[in-house]
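Everything quoted here is computed from the prediction, not taken from an experiment.
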Amino acid sequence: MAKLAAISCIKGEATLKGIILRILPYTVAVLAVGSALLLTFLLEPLLSPTIFLLFFAAVAVSAWYGGMKSGLFATTLATISVAYFFLTPVFSPLIYSLDSLLRLALFVLVTTLISWLNSQLRTAKRRLEKSIQQLQASETRFRRLAESNIIGVVVADMNGAIIEANDAFLKMVGYTREELLFGKMNWREMTPPEYQEISDRAIVELRHQGINQAFEKEYFRKDGSRVPILLGSALLTNGVEEIISFVLDLSNIKQTENALRESQSRFHALADATVEGVLIHDNGKVLDANPAFANIFGYEIDEIIGISITEFLTPESRPILQDNLQSGYEKTYEVMGLRKDKTILNLEIVGKNCLYKGRNVRVSTWRNITERKQAEAAIRQREEQLRLITNALPVFISYVDSQQRYRFNNRKYEEWSGMKASEMYGKQVKEIVGDIVYQEISPYIETVLSGVRINYETLINTPTGEKRAVNVTYVPQFNQQSEVEGFVALINDITETKQAQKALQQSEERFRKLTEKVRVIPWEVDANTGQFTYVGPQTEEILGYPATEWYTQNFWEEHIHPEDREWAVEYCLQSALTLDNYEFEYRMLAADGRLVWIYDIVNVVRQGEKPQLLHGFLIDITERKLSEQERERLLIEAETANRLKDEFLGILSHELRTPLNAITGWIQLLKKRKLDETTTTRALDTIDRNSKILAQLIEDVLDVSGIIHGQLSLNLQLVELIPILEAAIETLQPAAAAKEIHITSQYDPAVGIVLVDVNRLQQIFWNLFSNAVKFTPKGGRVEIQLERIQDRIQLQVSDTGGGIAPDFLPYVFERFRQADSSSTRSHGGLGLGLAIVRHLVELHGGTVEAQSQGIGQGATFIVNLPMKAVSH
């Protein structure tokens, strides 16, 4: 209450002061007018001509002190006082004299003017006082700013002289105040050349506008280094070329900007180098991203700037992204992405709110985990498959960690132990197998936990009390530091195998005695040493080697055919490691040098996983292999013959159709009897030429038919060989001239008279010569040489034609063979000419051969006739 009373008292005092201040001017006016009235009464005799004189002073004082309102109030009081006390009638409110009224009116006008002038003067005074106060405050603030040395302040002229500067500027440029006072500082000289132009533009702007926009430039320091600054200037007064400038040192700002640019450069370099997508976005809009982000989604960088990040997600994943953006979480979450080609991705995102280029943004990394998800799914699938496989195997499988606790058991192990896998997980081996069994297997467990694989056989008791023989394998598992994390235990029930081995040994003994009486070679080898421990006596009959020789080192390998030795030995070694039974064929060399084909049947007897004994039979299959090879050869020859015949029939039909079409066409035209003499002659020539071609084709086919059936015979007679050769050349001259082929011939006069079939010899010559002309290109050359060489006559026909491919050269004289057997080949003919030549030459007792360096290298055909065909 006391506090409220005090507050109320303070408010009352303030109100009272306000009232006093408002009525004070009017009180002054009353006192001034009252004083003037009193003095006028006292000095009336002296003032009778100018009764208003003192009242003018009262109004002036009131207006000076209280303003316009106080002056008007004083005017009113003075007018009433003068009119009542001093104008006739005296002490009456009425005025009768016009002169008095004019005097009063003039008084009121003058005093009102006095009040207005005093009011204006008073207002101007107040404004001046306020301006002075503001100027003083501004000067104080400016002086404080200049002296605070926060920024540099400079007063200079436009020619470059620096008149005044604060310590901040001097420190900025490295000069002392003494150097400033001695006029050693000039801002033009301190300005580097590249900034002179912008400084001149700023001076022009100052002269026209009085101020200029702040701009960046540099000054030379006293030591020659540079300082980056921000400079703003203004003219001090109009008409005076003095300017005041503020100078802000930008060194720290520039360093910060450079550091920021370097930081951003490092950030972009790091972002560009990482394989993870880096994305910067504001309210879901992409501001920037690295190439890896664009690559993840199949876009170019320019395509993704400005679009919503929800475009990169499937509709189902967009709410997940929005929840994380709104919450601002910095934890990793997974979503489904959508590539540009609409394929789906698995993504892992983690984001953080950051400041980027002066704005609050969110930076996030996007990792494509599609392959990882697929790998995880594959691992889960493999785990399921592994469990399925291990449950299907008839082997006890368990996994024990380094503390000897069970971590995995397959179904077979559960069935044997009578406990579920969940009941065994985490329990010690000793708890499950018991003290007696654990003491027996403890050394093996310690060995495998030291990193050594263990395999042993033992007897175990089943839950039913039956003893079973088992083969136990412990395989250690290592971590990345090569430390043993545990081991896999594989327990295989081999009771039946042991029984079977015992029965097999008894059976083998009986079988060995039996095989010694048949035509196969039984054998047995120790798999550890590779030495034969038994070979049947049949080896001497089949291969010619006594059985005792097989027991020497490497006997079998050394007597395998060299071409089969390496692969046969390797095949045998590899197969014995993985297969229980295998068979293969190879060749061996018998004692007498014969090649013997062997069919080897092998059975592998193992102890645990390692082969201990190999035994089998060597069976002689030489006759079967020879029969198969002969059958294969005959089959290939039959297939080749059928193919050649098919090709020949195709060529024959094509070659027959060509002349027949020409003959038929011209005959149809001749039947119409509308051809002129020239065309008729051409038609008859064409029919004649094609009839000869057709006759030649038929004659070749008949000759080949006669050759095949052995019906072709010779009509021998004594003739001179050279004229027959010249006649054949003359026949081909028109065809050679048409292709501009030059034929040269050379004869040995010693050839003389020979005993030959003239027609068949002409056929040989014509086929060889026409073949040379046909396959020689335009402008080529054909050379014919006939000579006698000791006991034979030799004819050589060489050309510069297309030549013969090396792979076709051995078949050039075979029937139905052509290097190009297609119906679109460039040269006609049935491909029988050279086959006929070879047969006719052989009928004469001679030989023919072809030589060529290859395609495009020409060909040479050489015919040799023996001496028995020559008459002396």
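Side-chain contact between E457 and V472 is absent, with no heavy-atom pair separated by less than 4.5 Å. Within the 4.5 Å cutoff, no side-chain heavy atoms of R405 are placed close to those of V400. At a threshold of 4.5 Å between non-hydrogen side-chain atoms, the residues Y599 and I601 count as touching. In this structure, the side chains of C572 and Y582 come closer than 4.5 Å at one or more pairs of heavy atoms. In this structure the side chain of K352 never reaches within 4.5 angstrom of the side chain of V363, judged on heavy atoms. Between L543 and W550, some side-chain heavy-atom pair lies under the 4.5 Å cut-off. Inter-residue side-chain proximity for V361 and L287 is flagged as met; some heavy-atom pair is nearer than 4.5 Å. Side chains of N346 and R372 form no contact here, defined as non-hydrogen atoms less than 4.5 Å apart.
The distance between the ring centers of H559 and Y545 falls below 6.0 angstrom. For Y534 and F532, the distance between ring centers is not under 6.0 angstrom. Taking the ring centroids of F555 and Y551, they lie at or beyond the 6.0 Å cut-off.
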- Task: Any chance you could lay out the side-chain contact (heavy atoms from CB on, under 4.5 Å) test for D249 and V227, step after step, and finish with the verdict?
- Result: CA-CA 7 Å; D249 189 347; V227 56; 3.4 Å; yes
- Task: Show your working on side-chain hydrogen bond (donor to acceptor under 3.5 Å, both in side chains) between Y333 and E348 and close with a plain yes or no.
- Result: CA-CA 6 Å; Y333 59 97; E348 186 178 76; over 6 Å; no
- Task: Decide salt bridge (charged side-chain N to carboxylate O under 4.0 Å, His left out) for K340 and E311; before the verdict, give the C-alpha distance in whole Å, the side-chain angles of both, and the deciding distance to 0.1 Å.
- Result: CA-CA 9 Å; K340 184 178 181 181; E311 297 295 325; over 6 Å; no
- Message: Is there a side-chain contact (heavy atoms from CB on, under 4.5 Å) between V602 and W523? Walk through the geometry before answering.
- Response: CA-CA 9 Å; V602 185; W523 57 269; 3.8 Å; yes
- Give the C-alpha distance, both sets of side-chain angles, the deciding distance and a yes or no for side-chain contact (heavy atoms from CB on, under 4.5 Å) between L573 and L577. CA-CA 7 Å; L573 294 174; L577 294 175; over 6 Å; no
- Task: List the steps, then state whether side-chain hydrogen bond (donor to acceptor under 3.5 Å, both in side chains) holds for Q404 with Y438.
- Result: CA-CA 11 Å; Q404 300 187 28; Y438 181 74; 2.7 Å; yes
- Report the C-alpha distance between W556 and N554 in whole Å, list the side-chain angles of each, state the deciding distance to 0.1 Å, and finish with yes or no for side-chain contact (heavy atoms from CB on, under 4.5 Å). CA-CA 6 Å; W556 175 66; N554 298 327; over 6 Å; no
- Are T533 and E524 close enough, and set up right, to give a side-chain hydrogen bond (donor to acceptor under 3.5 Å, both in side chains), and what steps lead you there? CA-CA 6 Å; T533 57; E524 186 178 86; 3.0 Å; yes
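In terms of modelled atom types and a separation under 3.5 Å, the side chain of N479 and the main chain of S482 share a donor-acceptor contact. Of the possible polar contacts, one joining the Q428 side chain to the Q403 backbone as a donor-acceptor pair under 3.5 Å is found. The backbone N or O of F293 lies less than 3.5 Å from a partner atom in the side chain of N290, making a donor-acceptor pair. For D620 (side chain) and T622 (main-chain N/O), a donor-acceptor pair under 3.5 Å exists by modelled atom type. Between the side chain of Q439 and the main chain of I436, no donor-acceptor pair closer than 3.5 Å is present. Put simply, the side chain of T539 never gets that close to the backbone of P546: no donor and acceptor are under 3.5 Å apart. Listed for the E540 side chain is no donor-acceptor partner under 3.5 Å among the backbone atoms of P537.
The two residues L589 and P562 come nearest to each other via the heavy atoms CD1-CD, 4.2 Å. Between I349 and S364, the closest heavy-atom pair is CG2-CB, 4.2 Å. Scanning both residues, I560 and A568, for their nearest heavy atoms gives CD1-CB, 4.4 Å. Nearest heavy atoms, L614 versus A527: CG-CB, 4.3 Å. Nearest heavy atoms, L347 versus G337: CD1-CA, 3.5 Å. Smallest separation of non-hydrogen atoms from S402 and V484: CB-O, 3.9 Å.
Relative orientation of the W366 and F312 rings is perpendicular, given thresholds of 30° and 60° on the angle between their planes. Between Y474 and F487, the ring-plane angle classifies as tilted under the 30° and 60° cut-offs.
Other residues, nucleotides and ligands contribute more than 12 heavy atoms inside 6.0 Å of the CD atom of Q481. Within a 6.0 Å sphere centred on CG of L459, other residues, nucleotides and ligands contribute more than 12 heavy atoms. More than 12 heavy atoms of other residues, nucleotides or ligands shown are found within 6.0 angstrom of CD on Q612.
Distance check: R339 CZ to I344 CD1 gives 11.0 Å after rounding to the nearest 0.5 Å. Considering CD1 of I441 and OG1 of T447, their distance stands at 12.0 Å, rounded to 0.5 Å. Atom CD of E632 is separated from atom CD of E630 by 10.5 Å, given to the nearest 0.5 angstrom. The line from CZ of R318 to CG of L313 is 7.0 Å long, rounded to the nearest 0.5 Å. Rounding to the nearest 0.5 angstrom, the gap separating the CG atom in L279 from the CD1 atom in I304 is 7.0 Å. N471 CG to L490 CG: the interatomic distance, rounded to the nearest 0.5 Å, is 9.5 Å.
Among residues at least two apart or in separate chains, salt bridge (charged side-chain N to carboxylate O under 4.0 Å, His left out) pairs with a member in residues 571-591 are E563-R587, D564-R587, D580-R606, E585-R624, E585-K625.
Under the 4.0 Å criterion applied to side-chain N and carboxylate O atoms, R453 and E609 are assigned as salt-bridge partners.
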